[in-house]
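Residues take their numbers from the sequence shown, with the count starting at 1.
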Amino acid sequence: MNIRTKLTVIFFVLVIIVVSVISISIYYFSSQYRAQDFYRRLKNRAINTAKLLTQFEEVNATLLQRMERENPASLPSQYVVIYNNLNEILYSSEKVSAVPVDDILLKRIENENEVYFERDDYAVLGFLFEAKGSRFKIIASAIDINGRDALINLRDILLAIFSISVIIVSILGWVFSGRVLSPILRIVNEVDTITAANLELRLNEGNRRDELSKLAQTFNKMLSRLQRAFFAQKNFIANASHEIKTPITVITGEIEVALLQRRTVDYYINLLKSVLVGVKGMNKLSTQLLLLAQTSSDNPEKQFSAIRIDDILWSVKDELSKAHSEYTVDIEFDMAISDQTLSTIGDAELLKVVILNLMENGCKYSDDNKVSVVLASGKDEITIRFINKGVGIPSNDLDKIFEPFYRGKPSKKVKGFGIGLPLAKRIMELHKGKILVSSGQNDSTTFTMVLPFLDTV
Ligand code: ADP
């Protein structure tokens, strides 16, 4: 069942329940009132008859019968019978009683003082009446034709109102639910038109106040996030292809030129050296890209274990010095060394990648190819600062350098791909740590790795 039908049915059921309760109540209270009113009138008529018979000597039964018949206030099919103390009939308005009167009924009147009941169409009232020192039993009956007709009329009116309500409520419910749901349908239709090719489209946010407008706003925010992610992804692929294509084009060109004619051995050696640099660069780029892809998944399959940061620092320093003899790395310990202040939990290979990148950057972007590494401990964490002097990073570049392939303008002449820092940031997030940077243009630059202690992870 769709929501529109559901809303219509709920609306229909609720209104019908309310109309039914109101109609039944009206009918019930009207019939109660009718019965009480008729009982009061019947009793008045019977008392009136009894008074005429007992208080006026000149009124005899025959005269009373005539008076009753002529009296316009007499009730339809009215019948009054009066018994004396010995249960003998003193007066009967008709020859034949419409309601059988037996000893049981007379006994009940004597015991209960007053008896009222309905039999067939008749309302029957029996009660004790005292006059001139004697007790009489009066039994009066009549048919409440007007009341019954009024009730039938009321029932018909209520049934007609009920039937009309069913039709009106069904139509109104359908129209109303359609109107309530139309903004949702509009949103659905608008969303339907949005594809990867037109992610810049946004939904109409309406009055910007009600819930549906909030839904549209939330959806628009999600579209903006998707658009940014989609754009970043597209850019990423374009940049990656460009970075791989450039060295391949250079290598291809160099080999083609070399093959144009026979060359000297030195020429070939230089060519191979140049090709090797290009291939090594591509190898480094593809390794970094692969790592970025692996660490970017929500659940990278990495086995974390307890590791000592100082061990990694020394081994990376050795590695870097072997590859670049011109680089100087100074390592300082700014703390009382203990297992706790040096250990964290993580993946040694991944943390090596971060440290190597920060050490290499420190040397690469400094004026004197030198980086100072300071290992310190905070309350719950290990901090490793990489400080170098050099061109620095302009303040508006500080956020961007963590985006893939972004390279600061002052450092364009230094070789690189712009993958190291985004990869470092992702690896630090995996280790529940962070990476911070502070720098200014032509200033010293400090990158800080923050890692939780082993026992706080
Ligand atoms: P790459 O070094 O290959 O360009 P990174 O992601 O490691 O890529 O760095 C991104 C950018 O951040 C660099 O291009 C450079 O502009 C800037 N940067 C990183 N480290 C430093 C540093 N120590 N000093 C100055 N700029 C830096």
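Contact check for Phe136 versus Leu53: no side-chain heavy atoms found under the 4.5 Å cut-off. You'll find the side chain of Arg45 reaches within 4.5 Å of the side chain of Asn71, heavy atoms only.
Side-chain N/O atoms of Thr448 and Thr383 include no donor and acceptor closer than 3.5 Å. With 3.5 Å as the limit, one finds a donor-acceptor pair spanning the side chains of Arg202 and Gln227.
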Trace of the side-chain contact (heavy atoms from CB on, under 4.5 Å) decision for Val101 with Tyr83: CA-CA 11 Å; Val101 178; Tyr83 288 82; 3.4 Å; yes
Under the side-chain contact (heavy atoms from CB on, under 4.5 Å) criterion, do Leu291 and Ile419 qualify, and how do the steps go? CA-CA 10 Å; Leu291 267 177; Ile419 293 287; over 6 Å; no
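Each salt bridge (charged side-chain N to carboxylate O under 4.0 Å, His left out) pair with one or both residues in residues 147-161, not counting sequence neighbours, appears once here: Asp121-Arg148.
With Asp37 contributing its side chain and Tyr33 its backbone, the two residues share no donor-acceptor pair below 3.5 Å. Between the Lys214 side chain and the Arg209 main chain, a donor and an acceptor come within less than 3.5 Å of each other. No donor-acceptor pair closer than 3.5 Å links the side chain of Glu110 to the backbone N or O of Leu128. With hydrogens and angles disregarded, no donor-acceptor distance shorter than 3.5 Å links the side chain of Ser141 to the backbone of Val124. Counting only distance, with no hydrogens or angles, the side chain of His431 and the backbone of Phe304 share no donor-acceptor pair below 3.5 Å.
Counting heavy atoms of neighbouring residues, nucleotides and ligands inside a 6.0 Å radius, atom CZ of Phe117 exceeds 12 of them.
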